[in-house]
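The structure appears below as structure tokens.
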Amino acid sequence: MVFSSSSLLSLPILPSTFHVLPTSDPPYKLLQTHPSLTLLSKCKSMQNLKQVHAHIIKSGLHNTHFALSKLVEFCAVSPFGDLSYALLVFQSIENPNQIIWNTIIRGFSLSSKPIQAVEFYVLMLLSGVEPNSYTFPFLLKSCAKFAASHEGKQIHGHVLKLGLDSDAFVHTSLINMYAQNGELDNARLVFDKSSFRDVVSFTALITGYVSRGCMDDARHLFDEIPVRDVVSWNAMISGYAQSGRFEEALALFSEMRKANVSPNESTMVVVLSACAQSGSLELGKWVGSWIENRGLGSNLRLVNGLIDMYAKCGALDTARGLFDGLQQRDVISWNVMIGGYTHKSHYKEALALFRLMLRSNADPNDVTFLGILPACSHLGALDLGKWIHAYIDKNFQSFTNTSLWTSLIDMYAKCGNIEAAKQVFNGMEAKSLASWNAMISGLAMHGHAHTALELFSKMADEGFKPDEITFVGVLSACNHGGLVDLGRQYFSSMITDYHISAQLQHYGCMIDLLGRAGLFNEAEALMNSMEMKPDGAVWGSLLGACRIHRRVELGELVAKHLFELEPENAGAYVLLSNIYAG
DNA sequence: GGAAAGTAGT
């Protein structure tokens with residue numbers, strides 16, 4: 001048994017001699033069709049609701065549990081609602097019934113402070129109202145949301161005491177709670193021990209495995225589901241997509257169609273994202289016609305996905321056509337289009353679209369800036385970069401998104417303002433590995449080799465573990481500083497101490513460093529030891545070294561490789577002619 | 001009055 005008996009006792013559960021007082025509600029049918037209550041379902045704001053509330057009081061309905069529970073439900077659950085108002089109404093109710101208690105708990109489970117659902121549940125127990133099978137799904141969802149593993153287990157104890165573990169909804173909620181809290185073994189135990197399994201609880205467990213990246217376990221379960229529904233297919237397809245296994249995701253999608261299960265909008269959202277990331281333009285086009293045939297051309301979730309897919313597959317004009325045709329655009333529409341341009345190195349178009357976005361009074365968010373800042377870096381658009389920095393300072397000051405600040409560091413460094421980059425870096429409260437990397441590379445780029453290397457050791461002091469990108473920065477610092485010995489040391493330390501295998505870029509730095517120092521034999525030996533074929537940049541740096549050291553014959557040999565690899569590259573011909581001239 | 005999947009970037 002996973003649940004210790006002591007944990008079950010720490011929350012009170014009262015004997016069920018308490019019971020809810022009978023309400024004085026008039027017949028249900030009369031209430032259900034009452035004009036004040038039909039109005040309630042049409043409310044679109046709290047102001048609407050307060051008017052309806054006044055109606056309810058005037059018509060005397062505020063004495064009925066039915067009307068009050070509807071009122072509470074709107075305030076607690078609707079996106080236009082206001083939980084504090086729900087609580088005010090709740091406090092005015094003499095003997096709230098189970099439904100009303102449950103609705104408040106549900107409201108807390110949806111709020112930003114889901115832990116209050118548990119606190120409210122304790123109040124419910126203390127006031128003598130017994131929880132039922134509706135209470136626990138909300139409660140367990142709260143525990144899943146704020147990773148309250150301990151509370152979740154105690155609540156599981158209550159479920160068992162009340163004998164509600166055979167309720168399908170409670171059962172699935174338990175599995176989901178454990179899965180979301182990362183306790184997959186417990187989720188599995190609940191699932192295995194129950195004779196009650198349906199497609200929903202299968203899917204809850206599958207989603208747990210997917211979130212851990214255990215795709216094989218997930219697939220095994222999926223294959224065991226007696227009757228699969230569209231949600232279970234979607235979960236599995238999106239699982240493959242999330243773990244980068246796009247081909248399997250798309251293969252499963254075609255299996256789904258063969259099984260005659262109709263895809264829904266969510267299916268298409270996932271499939272589009274898999275197409276975008278795997279470059280499957282043909283299937284993406286098919287989804288495009290699926291959307292059109294169903295008249296879903298103004299569904300932003302789908303069309304944004306379609307724009308993203310076209311852009312990532314290189315069909316930028318088609319993407320832009322769809323974007324321009326949109327009647328309504330949300331921030332994601334702008335972001336996918338701007339990001340699409342940047343992704344395909346169409347930086348000028350990205351900048352132009354960003355300017356259009358500002359003129360259209362659309363508000364950019366952090367993702368917009370993550371799409372546009374790399375474009376600023378590549379174009380050296382320092383002024384726009386500065387403007388964005390000021391905008392972020394003004395509107396996103398409290399943002400904990402470290403990648404935003406990292407992007408700013410990178411932008412300043414690449415636009416030549418290393419001092420501003422340092423300022424942003426030093427101003428970051430919580431630095432990430434990426435921000436250290438950006439700063440180290442930035443310093444290296446500007447020839448501040450020793451400062452970069454100092455920062456590298458400071459980074460280690462602060463407990464960050466360097467990755468392959470860190471070493472690209474470190475080696476490039478050595479390269480820019482002509483520090484051959486240090487370069488050799490860092491290169492071998494990377495492999496032996498940090499267990500990072502050398503990539504093309506690392507070899508590129510080293511070969512460039514050795515070549516510039518005239519150590520051609522060592523550079524050649526290193527090249528021969530590479531597992532991968534050297535690219536144009538590697539041959540190019542060697543050719544540059546030949547020019548510096550006037551090595552005509554070697555230069556001809558190197559240039560031959562380069563011409564084969566990059567016949568279009570005019571730089572290679574220029575370098576060779578410079579060698580001859582020298 | 002209720003449970004499982006589901007957009008943009010790092």
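Numbers restart at 1 for each chain; the letters A, B, ... are given by sequence-line order, proteins then strands. Computed from a predicted model, the values in this text were never measured in an experiment.
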Tell me whether the guanidinium CZ or amine NZ of Arg257(A) lies under 6.0 angstrom from the six-membered ring centre of Trp290(A) and within 45° of its axis.
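No cation-pi geometry.
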Taking the six-membered ring of Phe425(A), is NZ or CZ of Lys431(A) closer than 6.0 Å to its centre and within 45° of its axis?
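Yes.
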Roughly, in whole Å, what's the span from [atom1] in [X] to [atom2] in [N]?
X         : N      : atom1 : atom2 : result
Tyr209(A) : dA4(B) : OH    : P     : 18 Å
Tyr134(A) : dG2(B) : OH    : P     : 8 Å
Lys70(A)  : dG1(B) : NZ    : C1'   : 7 Å
Ile105(A) : dG1(B) : CD1   : P     : 17 Å
Leu140(A) : dA4(B) : CG    : P     : 11 Å
Tyr121(A) : dG1(B) : OH    : C1'   : 17 Å
Leu139(A) : dG1(B) : CG    : P     : 20 Å
Asp229(A) : dA4(B) : CG    : P     : 13 Å

Pick base, sugar-phosphate or nothing for Ser133(A), based on heavy-atom distances below 4.0 Å to the nucleic acid.
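The residue Ser133(A) makes base contact.
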Asn132(A) near the nucleic acid: base, sugar-phosphate alone, or nothing, with a heavy-atom cut-off under 4.0 Å?
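Answer is base: heavy atoms of Asn132(A) come under 4.0 Å of a base.
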Spell out yes or no: do the side chain of Ser173(A) and the base of dA3(B) have one donor N/O and one acceptor N/O closer than 3.5 Å?
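Side chain to base: no pair below 3.5 Å.
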Is there a donor and acceptor pair closer than 3.5 Å between the side chain of Asn102(A) and the base of dG2(B)?
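Side chain to base: no pair present.
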Give the B/S/- string for nucleotides 5-10 of chain B, one per nucleotide from 5' to 3', where a protein heavy atom under 4.0 Å of the base yields B, of only the sugar-phosphate yields S, and otherwise -.
BBBBBB
Chi angles and distances behind the ring-ring contact (aromatic ring centres under 6.0 Å, His included) call for Tyr178(A), His156(A):
CA-CA 10 Å; Tyr178(A) 283 120; His156(A) 189 171; 5.7 Å; yes
How are the rings of Phe120(A) and Phe108(A) set relative to one another: parallel (under 30°), tilted (30 to 60°) or perpendicular (over 60°)?
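It falls in the tilted class, 30° to 60°.
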Which class fits the ring pair Trp436(A) and Phe464(A): parallel under 30°, tilted 30 to 60°, perpendicular over 60°?
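Answer is tilted, since the angle falls between 30° and 60°.
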Are Asp192(A) and Arg197(A) ion-paired here, with the side-chain N under 4.0 Å from a carboxylate O?
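A salt bridge links Asp192(A) with Arg197(A).
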Taking 5.5 Å and 30° as the limits, would you call Phe138(A) and the base of dG2(B) a stacked pair?
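Answer is no, no stack.
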Below 4.0 angstrom from OP1 or OP2 of dA3(B), is there any side-chain N or O of Lys141(A)?
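Yes, within the criterion.
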Does some side-chain heavy atom of Leu281(A) sit less than 4.5 Å from a side-chain heavy atom of Cys275(A)?
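They are not in contact (no side-chain heavy atoms under 4.5 Å apart), so the answer is no.
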